Amino acid sequence: MSSRCKAWTLLLGGGFMALAALLAVVAAFGSVGGGVEGHVKAEYRASGTQNGARTFTSDKRVDEVVDDITDAWKPADRLADPGGVFLRYSDVIVAVRPRKPSGTDITVDDADRAYARWYPVVGGWFGTYSGRAEGFRGGGPGSGK
Amino acid sequence: MSARRGVATLVGALLALGVAAPAAVAQDGTTTTLPGGSTIVDVPAPGTGSDVVGQDPSATTTPGTPTTGTIPEIPASSVPGGALIDGPDRAELAQSLAEATTETGVCFGYEIVVSGSGLGGRPNADRVSSGGPDRTPSVGSCSRGSLTLDVSLNYTCSSCESEDSARYTVRSTVPGLSGSEAKRRLERLTGLDEKALLGDDDDLALRNATAALPLLVGGDPATPEAQATVPNGDRLTDKPGSDWLRANGLDALFAIVVLIVGSIVAAFGWRAVRAERRREARRAPRRPSPGTGPSGASPSSGGPPDGPTRPDDATGATGSPGDAPSAGDATAPAPSRWAPLPPADPPPAPHRDEDPPTP
């Protein structure tokens with residue numbers, strides 16, 4: 001390969017790499033605004049509000065919905081319970097619950113309000129709890145045992 | 001004798017609550033010795049036959065009257081700790097599984113065996129089911145079958161070459177739900193994997209996976225609280241960091257690194273291209289050009305020589321300052337001999353305005 005050919009290969013190869021990476025960065029930053037709630041809004045049917053919380057429905061199974069949401073937006077913490085799966089994000093808590101007879105209900109709510117709403121389930125896991133569950137987790141993402 | 005029978009009745013009642021000591025359990029239940037010397041005490045649930053650890057419950061259980069999974073409230077403090085999960089949490093887990101069994105007709109539970117070193121005094125095996133702590137999910141009491149999470153952990157010594165390992169499967173006797181399918185769905189629900197079962201939060205991973213089993217068969221939807229405030233001043237703790245960074249941080253970091261590397265490579269490429277052009281530009285004047293004979297002026301001597309030695313076609317007959325031929329363009333006319341060769345770009349062409357008019 002001649003030196004001229006090498007030079008052009010470097011120029012074009014490096015330029016292509018930089019351009020592709022730039023597009024990836026722009027695409028990543030483009031998703032800043034939506035967040036997990038934007039993803040849920042885009043993917044599932046809105047079914048109204050309930051005490052301030054935004055509710056959505058899906059015909060998919062709970063595991064499929066949870067997999068879809070957590071693939072798109074990794075939660076800071078996740079609690080599974082026989083009543084549903086609760087995903088904690090920086091500003092909201094997403095509750096994914098089975099719907100009778102089939103399908104899934106999704107509730108997106110402000111984190112503090114959701115903690116009160118789902119307190120019997122998530123109490124002691126995502127925060128403090130006056131009852132027994134506190135000893136298990138100590139509350140909060142990443143705290144562990 | 002009657003007093004002894006009374007004591008036995010009392011002990012039996014305690015066993016039904018799942019809080020009896022293993023020594024007492026031996027009278028009414030089945031004790032199984034596991035590798036490593038620990039034992040799992042299996043207590044028959046009320047109204048059912050006894051199960052044997054490690055065997056298909058359907059093969060050994062005497063069908064009793066189908067009952068729900070509801071169990072009496074278990075005093076959490078009296079339940080012993082398991083291999084990973086503390087006693088009170090085992091009691092709470094059993095309670096919530098029992099409620100799910102009432103709703104679904106399916107029994108749920110986990111069985112775990114831990115081998116190797118570093119157990120720290122904990123038992124090397126335990127189980128929890130909707131029948132209570134230390135009980136096997138009983139098919140006889142569950143009209144729609146059972147789902148059991150089987151976990152096997154192996155801890156190696158710190159100086160050993162081999163790594164800790166974890167295996168888990170889901171045993172299913174629920175019609176239409178195979179064990180492999182149940183395992184796949186459970187992983188989607190909880191993110192369960194071997195790493196989670198070997199990490200610092202292994203107890204949470206086991207608890208979450210077991211508590212999610214009812215969701216595989218429909219579950220019992222949690223109902224929201226009517227109250228708008230958290231009681232007793234409880235609150236959320238440890239606000240998570242940016243969702244965007246958690247979701248895209250690694251990808252964005254990788255893209256930025258590629259962007260930087262690509263830019264550096266492109267810059268090197270650009271420099272190489274320019275150097276190549278300069279080399280070609282330097283070589284070009286040495287080529288004998290038709291119509292331009294050698295002159296005494298050295299290319300490195302700078303400005304144009306005096307006198308009418310510059311051919312008109314050196315800059316093109318119709319050329320403008322912007323139309324100067326590129327030094328690297330092989331099809332362009334050769335630059336004039338006296339044109340200075342700047343170190344970088346092609347020589348600036350607009351000499352005509354500066355040169356004195358040729359007589």
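Proteins get letters first, then strands, A, B, ... in listed order; numbering begins at 1 in each. Fair warning: this is a prediction, and the values are worked out from it, not measured in the lab.
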Pair A:Lys74 + B:Asp243: basic N to acidic O under 4.0 Å: no
Exercise: identify the closest heavy-atom pair between A:Leu10 and B:Val265: O-CG1, 3.5 Å
A:Asp81 side, atom CG; B:Leu189 side, atom CG - distance, nearest 0.5 Å: 11.5 Å
Residue list, side chain to side chain contact (heavy atoms under 4.5 Å, CB included) with B:Val258, at least two apart or on another chain: A:Met17, A:Ala21, B:Phe254
Considering all heavy atoms, the nearest B:Arg277-A:Trp8 contact: NH2-CZ2, 4.5 Å
Gap between atom OG1 of B:Thr190 and atom CZ of A:Arg78 - 0.5 Å precision: 6.5 Å
Euclidean distance, A:Asp63 CG relative to B:Leu215 CG, rounded to 0.5 Å: 9.0 Å
Partner chain A: residue of B:Arg184, B:Arg185, B:Arg279 with the largest heavy-atom pair count (under 4.5 Å): B:Arg185
Interface moiety of A:Ala72 toward chain B, non-hydrogen atoms closer than 4.5 Å: backbone
Option that, when pairs with chain A are counted at under 4.5 Å, heavy atom only, ranks first among B:Ala255, B:Ala272, B:Ala267: B:Ala255
Atom group of A:Pro75 that falls short of 4.5 Å from chain B, counting heavy atoms: backbone
Part of A:Phe86 within contact of chain B (heavy atom distance under 4.5 Å): side chain
Interface moiety of B:Arg271 toward chain A, non-hydrogen atoms closer than 4.5 Å: neither
Interface residue of largest heavy-atom contact number with chain A, from B:Ala212, B:Pro221, B:Pro214, under 4.5 Å: B:Pro221
Which residues share a side-chain hydrogen bond (donor to acceptor under 3.5 Å, both in side chains) with A:Ser58, sequence neighbours left out: none
Euclidean distance, B:Leu259 CG relative to A:Leu22 CG, rounded to 0.5 Å: 5.5 Å
Choice from A:Asp91, A:Thr70, A:Leu12, A:Leu19 maximising heavy atom contacts with chain B below 4.5 Å: A:Asp91
B:Arg188 to A:Arg61 - nearest heavy-atom pair and separation: NH1-NH2, 3.9 Å
Separation of B:Glu187 CD from A:Asp67 CG (nearest 0.5 Å): 10.0 Å
Over all atoms of both residues, closest heavy-atom pair of A:Trp125 and B:Arg207: CH2-CD, 3.2 Å
Partner chain A: residue of B:Ser242, B:Ala209, B:Gly191 with the largest heavy-atom pair count (under 4.5 Å): B:Gly191
A:Ser90 side chain vs B:Pro240 backbone, donor-acceptor pair below 3.5 Å: no
Nearest-0.5 Å distance that lies between atom CH2 in B:Trp270 and atom CG in A:Leu11: 7.0 Å
Taking every non-hydrogen atom, the tightest pair across A:Pro82 and B:Ala100: CB-CB, 4.0 Å
Where B:Gly218 and A:Lys100 come nearest, the two heavy atoms and their spacing: O-NZ, 4.0 Å
Atom group of A:Gln50 that falls short of 4.5 Å from chain B, counting heavy atoms: side chain
